[in-house]
Amino acid sequence: SGEVLFDGRRCSPGPLPGGFACGVGAVCADVVANPEHGLLSFDNIAEALLTIFQCVSGEGWAEVMFVVMDATVPAACIYFVVFTVFATWFCINLLVAALSEAYEDARQQQSQRLEAAQRTRREEE
């Protein structure tokens, strides 16, 4: 949970050195629910892993970044950009490795079939 300004932006609760602070005359109020129907948070391991998966998948990572920037410091964007780039790079390499392995297996099976077919022809002759 955090504090939210009436326009929907998260603001820094207390004397944090950054984040979005409530303006003059604005009132921040405690809220119980986290963004995205309570799913976007780092409150426990399960929700943190779901939030990290969202960032790794590339779907909605910028929204997570902006919420964290509003609640903490604007420099949080550096973490999210670096994390998203490296995590996406890692996942792409994992996909390429899996496809390469599957192609190699298919190639070996095909060569075994061809060798078996050639052996059968020699035996028939």
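The chain is numbered in sequence order, starting from 1. Nothing here was measured: the structure is a model prediction, and the numbers come from that model.
- Not counting sequence neighbours, Phe42 has no partner by the ring-ring contact (aromatic ring centres under 6.0 Å, His included) test.
- In this structure, Val56 and Phe90 have side chains that are not in contact, with every pair of non-hydrogen atoms separated by 4.5 Å or more.
- Taking CD of Gln110 as the reference point, atom CD of Glu115 lies at 11.0 Å (rounded to 0.5 Å).
- For Glu63, the side-chain hydrogen bond (donor to acceptor under 3.5 Å, both in side chains) criterion is met by no residue, not counting sequence neighbours.
- One distance of note links CG of Leu50 with SG of Cys55; it measures 10.0 Å at 0.5 Å rounding.
- When all heavy atoms of Ala76 and Met69 are compared, the closest pair comes out as CB-CG, 4.1 Å.
- With rounding to the nearest 0.5 Å, the separation of OG1 in Thr84 from CD1 in Ile52 is 10.5 Å.
- Ring geometry, Tyr79 versus Phe83: the interplanar angle falls under 30°, so the pair is classed parallel (tilted spans 30 to 60°).
- The backbone N or O of Leu40 sits nowhere less than 3.5 Å from a side-chain atom of Thr51 that would complete a donor-acceptor pair.
- Taking Ile, Leu, Val, Met, Phe, Trp and Tyr as members and joining any whose side-chain heavy atoms lie under 4.5 Å apart, directly or through other members, the hydrophobic cluster of Leu99 also contains Leu95.
- Both Phe66 and Val81 are members of a single hydrophobic cluster when ILVMFWY side chains are connected at heavy-atom separations under 4.5 Å.
- Here the side chain of Ser100 pairs no donor or acceptor atom with the backbone of Val96 at under 3.5 angstrom.
- Among all heavy-atom pairs drawn from Glu59 and Gln54, the shortest one is O-CG, 3.0 Å.
- By the 4.0 Å N-to-carboxylate-O rule, Arg107 lies close enough to Glu104 to be salt-bridged with it.
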